[in-house]
Protein chains: 2
Amino acid sequence: MPVAVSVGEMDLRCATCPVHHHAVCQALGGLYLHELAGIMTHRHFEAGTEIVHQGETSNLFGIIASGVVKLTRLLPDGRQHIVCLLSETDCIGDVFSAESHDNAMCVTDVELCCFHRKQFDEIVKSHPTLGHHLLQRVTVDLEEARQWLTALGRKKAVEKVAMFIVWMWNEEHEHCLHAPRRVNDMMLHFPFSREEIADFLGLTLETVSRCIGKLDVDRVITLLNAKCIEIRDLDRLRQIAESDI
Amino acid sequence: MPVAVSVGEMDLRCATCPVHHHAVCQALGGLYLHELAGIMTHRHFEAGTEIVHQGETSNLFGIIASGVVKLTRLLPDGRQHIVCLLSETDCIGDVFSAESHDNAMCVTDVELCCFHRKQFDEIVKSHPTLGHHLLQRVTVDLEEARQWLTALGRKKAVEKVAMFIVWMWNEEHEHCLHAPRRVNDMMLHFPFSREEIADFLGLTLETVSRCIGKLDVDRVITLLNAKCIEIRDLDRLRQIAESDI
DNA sequence: CGGCGAGTTGACTAGCGTCAAATGATGTGG
DNA sequence: CCACATCATTTGACGCTAGTCAACTCGCCG
């Protein structure tokens, strides 16, 4: 449901948006941000909600303002896989095709800047810089997908889990949108269940649990509670993640 | 080594190129093709040759005119994975980053249209349509990577192999650059060794061999020789590939 | 306090990897 | 043209990693 705002406010929404300097929309200068704001609607989704359904047509192109979204695929027999985890400044949807390849589900509560696919594409076409930024972002996504491809194809369970923890830690420390946090902060809160981690890494939740347990016993991490760990030895964790002996 | 040609010939190279109507360069009209041809060099690589080395800086941006290229990643302990298989009209290299994430190796002999990364990016920036086409292509690559991600994460060995065969068949029948071939042609010649298929699917060569053997015994395919199969029951092969019971 | 879902732990199993030998394909030199 | 070497592929025997199934614990909330 679109939030009710006055026209004056609407014009400012993109210019005052906390993420716009880091998302693809940074490509548009102040003048053109109005244009974007004009076709944008802000929406809120509760954790667990589905934003887009796999296989259905959807004209949504969204930019995440806050929260975490998982893109999942379901095989006919019920096996599930998470192909991508998205957070603030990431994009949902494909400018080119209306048919969604995957489910988009909210892992946490989500604030989403929503556009109509074609309207957004029009703006992309008329603003090459935006197109260029979009290209850059999809290129990064592709690179990340390939990194996980090698992990799923060739790494052992512990290595995958170590890699996932390192990845989460990097995510936290790259974004730094919220508060400027200390870089030596080794505490890690995460919103994912064991099953979600498993579905992402191509494992079962039991195996994920055992691997986290092993890293805890080996004193690489400390398991504070189910969704909070402290990294005790980041270098070793990285070595394990990289399969570096 | 650049092929020696006269200036007049050079100007025409892109316009007369057999793949240019299907590659990203299709975005450029006749006038601008000269521009592209001006900064392009044609190179030939033998099967087994390395085009780009993982981790090294490379300013190559290439479009494959003919042949098959594999992008591989090597883990510190020697395990290897193929993250992507490329053929005619596909692009090698990343416009944005000079450091290569992966090895690019020739599976067959390869003809490559080579550009300097930055020069190509300049043309992309000045020709939004080209940028748009590039975006479209990277988007497709991303979608394909995610398809393989679910396969590596959640599918069984036979399902992966079936999927690979279906994929090869689709590739053959999509391109159709060479000769317009009969669509009911169920013969499939492929250039990959068992080890390459294994490195792509996250299996071992023995497992790939056994799975192909099983599909042969089950009369879904007929193994004519190591690198040539006939598909006997495409529907069933697709069902197996999709894990559809 | 009891019920519920998430996570952990244990016992057992199956699928795939590992190692090794056999077979087949291809090429080379006498 | 054959003998031989070499490499890719197949096949077999065995072991290990991660999956399966089930019991148990923990934290949370009514």
Side-chain angles (χ1 to χ4, degrees), chain A residues 47-48 70 75 77-81 107-108 150-165 188-218 221-229 240 243, chain B residues 47-48 70 75 77-82 105 107-108 150-165 188-218 221-229 240 243:
Chain A
K70 59 177 174 180
L75 301 187
D77 66 345
R79 280 175 277 175
Q80 194 170 32
H81 192 245
V107 177
T108 64
T150 44
L152 296 207
R154 286 292 177 234
K155 293 195 180 177
K156 295 187 195 297
V158 222
E159 297 169 345
K160 290 181 185 179
V161 172
M163 204 174 151
F164 187 73
I165 296 173
L188 198 58
H189 287 267
F190 49 88
F192 310 109
S193 69
R194 298 288 182 268
E195 189 174 16
E196 282 167 327
I197 301 176
D199 282 346
F200 186 70
L201 298 175
L203 300 170
T204 59
L205 56 92
E206 292 94 333
T207 303
V208 171
S209 179
R210 277 186 254 265
C211 289
I212 292 178
K214 175 154 176 42
L215 291 172
D216 186 34
V217 170
D218 292 353
I221 63 170
T222 308
L223 189 53
L224 300 170
N225 67 57
K227 293 194 173 181
C228 180
I229 62 171
I240 298 170
S243 327
Chain B
K70 58 176 173 180
L75 300 187
D77 68 342
R79 280 174 277 175
Q80 195 170 32
H81 192 244
I82 297 178
M105 292 258 289
V107 177
T108 64
T150 42
L152 296 206
R154 286 292 177 233
K155 293 194 180 178
K156 295 189 195 297
V158 221
E159 297 169 345
K160 290 181 184 180
V161 172
M163 204 173 151
F164 187 74
I165 296 171
L188 196 59
H189 287 268
F190 49 89
F192 310 109
S193 68
R194 296 289 180 268
E195 190 174 14
E196 282 168 326
I197 300 175
D199 283 345
F200 187 70
L201 298 175
L203 300 170
T204 58
L205 56 92
E206 292 93 333
T207 303
V208 171
S209 178
R210 276 184 256 265
C211 289
I212 293 178
K214 173 154 176 46
L215 290 172
D216 185 35
V217 169
D218 292 353
I221 64 171
T222 308
L223 188 55
L224 300 169
N225 67 56
K227 295 193 172 182
C228 180
I229 62 170
I240 298 171
S243 329

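The chains referred to below are lettered A, B, ... by the order of the sequence lines, with proteins before strands, and numbering in each begins at 1.
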Send over the distance from A:L203 CG to C:dG7 P, rounded to a whole Å.
15 Å
Distance check needed: C:dG17 C1' versus B:R194 CZ, whole Å only.
18 Å
Can you measure B:L224 atom CG to C:dA25 atom C1' for me and round it to whole angstrom units?
15 Å
Please determine whether a side-chain nitrogen or oxygen atom of B:T204 lies at a distance below 4.0 Å from atom OP1 or OP2 of C:dC16.
no
With rounding to the nearest 0.5 Å, note down the distance linking CE in B:M105 to NZ in B:K70.
4.5 Å
If you assign each of B:I212 and A:E206 to its closest nucleotide in DNA chain D, which residue comes earlier from the 5' end?
B:I212
Given atom CG of B:D199 and atom C1' of C:dG17, what is their separation to the nearest angstrom?
14 Å
Side-chain contact check for A:S193: nearest option of C:dG7, D:dA18, C:dG17 is C:dG7
Rounded to whole angstrom units, what separation is found between the NZ atom of B:K155 and the P atom of C:dC16?
14 Å
What nucleotide among C:dT8, D:dT9, D:dA18 has an atom nearest to a side-chain atom of B:K227?
D:dT9
Distance, nearest 0.5 Å, that separates CD of B:E159 from CD1 of B:I240:
8.5 Å
Position toward the 5' end of DNA chain C (nearest nucleotide), A:L223 or A:K156
A:L223
Round to the nearest Å and state the distance from B:I197 atom CD1 to D:dT10 atom P.
9 Å
Check the distance between D:dT17's P and A:R154's CZ and give it to me in whole angstrom.
16 Å
Closest heavy-atom contact between A:I229 and A:I165?
CD1-CG2, 3.6 Å
Under 4.0 Å between a side-chain N or O of A:S209 and OP1 or OP2 of C:dG7?
no
Spacing between B:I229 atom CD1 and D:dT10 atom P, to the nearest angstrom
11 Å
Examine distances only and state if a side-chain atom of B:R79 and a backbone atom of A:R154 form a donor-acceptor pair shorter than 3.5 Å.
yes
May I ask you to say what A:K160 touches in the nucleic acid, namely base, sugar-phosphate or nothing, with a heavy-atom cut-off under 4.0 Å?
nothing
Closer than 4.0 Å, any side-chain N/O of A:R210 to the OP1 or OP2 of C:dT8?
no
Nearest 0.5 Å, what's the CG-CG distance between B:L203 and B:L152?
8.0 Å
